[in-house]
Protein chains: 2
Amino acid sequence: MSESSQAKPRSSPKRELLLDTAFRLFYAHGYHAVGIDTILAEAGVAKMTLYNHFKSKDELIVAALERRSSEISDDKLKALAKVSSEPLSQIEALFDWMDVWFRMPDFNGCAFLKAIAEYTDDDSPINQTVKKHKAASIASLIDLCQELDVPDPKNLAQQIFLLLEGSIIQAHTFGNADAAKLGKNAATTLIQAAKASPS
Amino acid sequence: MSESSQAKPRSSPKRELLLDTAFRLFYAHGYHAVGIDTILAEAGVAKMTLYNHFKSKDELIVAALERRSSEISDDKLKALAKVSSEPLSQIEALFDWMDVWFRMPDFNGCAFLKAIAEYTDDDSPINQTVKKHKAASIASLIDLCQELDVPDPKNLAQQIFLLLEGSIIQAHTFGNADAAKLGKNAATTLIQAAKASPS
DNA sequence: GCAAATATATACAGATCTGTCTATTTTGAA
DNA sequence: TTCAAAATAGACAGATCTGTATATATTTGC
């Protein structure tokens with residue numbers, strides 16, 4: 001066994017194709033509802049190739065979610081970089097980012113919330129992957145709120161987080177893409193009120 | 001065939017037992033994850049009894065959700081009847097109701113949001129049952145906000161709805177029962193701001 | 001061009017799923 | 001008590017699911 005014979009490449013064309021296809025189908029139809037064979041047929045990949053890259057379906061789901069989490073982070077960062085670095089503008093840009101998302105033709109709610117709905121065991125890797133993603137989302141929101149001149153930035157951030165998540169639910173349940181604007185207006189109201197409150 | 005040989009009783013002990021057991025298991029573990037046989041074993045009921053009352057698993061899910069929707073409506077009405085009929089108190093009581101819910105040992109998120117996450121087809125009976133339930137929830141919130149002296153009660157109601165749904169997500173994802181209080185505070189802020197705005 | 005890694009097709013095991021069928025037993029009301 | 005409705009047990013069909021085994025083919029680096 002030479003030194004170059006590593007275990008698995010963490011990135012390969014087939015692996016990427018599988019992750020893309022798996023995420024798309026899981027997102028559109030649900031995790032239990034989509035079987036391995038469906039993914040393989042759609043991707044045009046052999047079953048053993050999948051099981052060579054991933055130990056199990058659950059591991060494929062985790063990998064697909066982690067990939068999606070990175071995509072979202074990168075996409076958000078790019079969107080926030082386009083607007084003023086003032087915290088208020090940054091927070092507003094978060095809602096604008098969601099507005100764009102809600103209007104995408106394949107928008108179908110939040111893949112992470114759907115995953116935690118299907119995998120209820122608190123200790124399962126899928127469940128933990130979801131919590132990690134959402135925790136990171138809150139953390140960056142807290143960072144933004146701490147740049148605001150408000151007495152309790154963490155509290156404000158958590159309130160705004162409710163609006164963000166509520167917007168996703170509203171947009172998904174009723175196909176109401178305007179939920180982002182609704183949340184944005186509410187968030188600015190909360191921020192204004194927090195700024196006006198005594199520190 | 002005599003006149004008394006009706007089709008199905010819309011209410012019978014076995015039927016109620018099946019609906020209770022089914023909802024509890026679906027809610028705890030997910031809809032696809034729980035099989036018919038598991039429900040039957042838990043309820044101690046024969047398979048043909050289930051299929052005598054319900055045409056299919058999907059129909060059982062719809063019936064369980066509709067039953068749960070009624071339970072929630074009744075429970076909310078009772079809770080709201082206990083506080084002042086002033087709209088502000090009523091809205092606050094909604095968040096207090098959620099606070100109690102979040103602290104129940106078997107709280108596991110919203111059964112309706114979980115259902116729509118698993119059954120993505122817009123036209124499916126399950127999906128429509130969820131939308132009907134959530135639409136009723138918004139409608140009653142709009143009614144409350146219309147009693148408030150604010151320029152755009154419907155807009156305010158929808159913003160508060162984001163907070164309500166966001167609270168459920170937050171409480172479920174992180175086991176944070178304080179999400180209800182968080183939402184309540186944000187809601188009162190929004191209401192105060194709306195009242196202060198020019199009509 | 002050679003060798004090792006990667007991917008393929010295909011079959012299959014074993015479990016699980018929904019829903020049906022049948023024959024028997026229990027229940028409840030007249 | 002009688003008789004029909006309701007529930008039962010259990011087998012079973014047919015589909016689907018995850019994951020494995022095997023043997024062959026293709027790609028890729030050296």
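All values below come from the heavy atoms of this structure, side chains included, with hydrogens, waters and symmetry mates left out. Every chain is numbered from 1 and lettered A, B, ... according to where its sequence line falls, protein lines coming before strand lines.
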Using salt bridge (Lys or Arg N to Asp or Glu O under 4.0 Å), reason through Asp178(B) and Arg103(B) one step at a time and then give a plain yes or no.
CA-CA 9 Å; Asp178(B) 293 335; Arg103(B) 295 188 145 79; 2.9 Å; yes
Going through the distances and angles, do Phe26(B) and Leu65(B) end up as a side chain to side chain contact (heavy atoms under 4.5 Å, CB included)?
CA-CA 10 Å; Phe26(B) 287 144; Leu65(B) 286 176; over 6 Å; no
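The side chain of His32(A) contributes no N or O atom lying less than 4.0 Å from OP1 or OP2 of dC17(C). Taking 4.0 angstrom as the limit, Thr49(B) places none of its side-chain polar atoms (N or O) nearer than this to OP1 or OP2 of dA6(D). A sub-4.0 Å separation between OP1 or OP2 of dT8(D) and a side-chain N or O of Lys14(B) is present.
Aromatic ring pairs are classed by plane angle as parallel below 30°, tilted from 30° to 60° and perpendicular above 60°; the pair Trp101(B) and Trp97(B) is tilted. In this pair, Tyr119(B) and Tyr31(B) present their aromatic rings perpendicular. The plane angle is above 60°, beyond the 30 to 60° band.
For Lys47(A), counting side-chain heavy atoms from C-beta on, the closest listed nucleotide (dT20(D), dG19(C), dT18(C)) is dT20(D). If you check dA7(D), dA7(C), dT8(D) against the side chain of Val45(B), the one that comes closest is dT8(D). Comparing dA7(D), dT8(C), dT18(C) by their closest approach to the side chain of Met48(A) singles out dT8(C).
Computed from coordinates, the Leu40(A) CG to dA7(C) P distance equals 13 Å when rounded to whole Å. With rounding to whole Å, Leu50(B) atom CG is found 14 Å from dA9(D) atom P. Spacing between atom CZ of Phe54(B) and atom P of dA7(D) amounts to 11 Å, rounded to whole angstrom units. In this entry the distance linking NE2 of His53(B) with C1' of dA5(D) reads 11 Å, nearest Å. Whole-Å rounding puts the Glu59(A) CD to dT18(D) P distance at 15 Å. Distance OH (Tyr31(A)) to P (dT18(D)): 15 Å, rounded to an integer number of Å. Atom-to-atom, OH of Tyr51(B) to C1' of dG10(D) comes out at 16 Å; the value is rounded to the nearest Å. The distance from atom CD1 of Ile36(A) to atom P of dC12(C) is 21 Å, rounded to the nearest whole Å.
Considering CD of Glu92(A) and OG1 of Thr188(A), their distance stands at 6.5 Å, rounded to 0.5 Å.
If you find the closest nucleotide of DNA chain D to Lys55(A) and to Thr38(A), the one lying nearer the 5' end belongs to Thr38(A).
Residue side chain Lys57(A) does not reach the base of dG19(D) through any donor-acceptor N/O pair under 3.5 Å, judged by distance alone.
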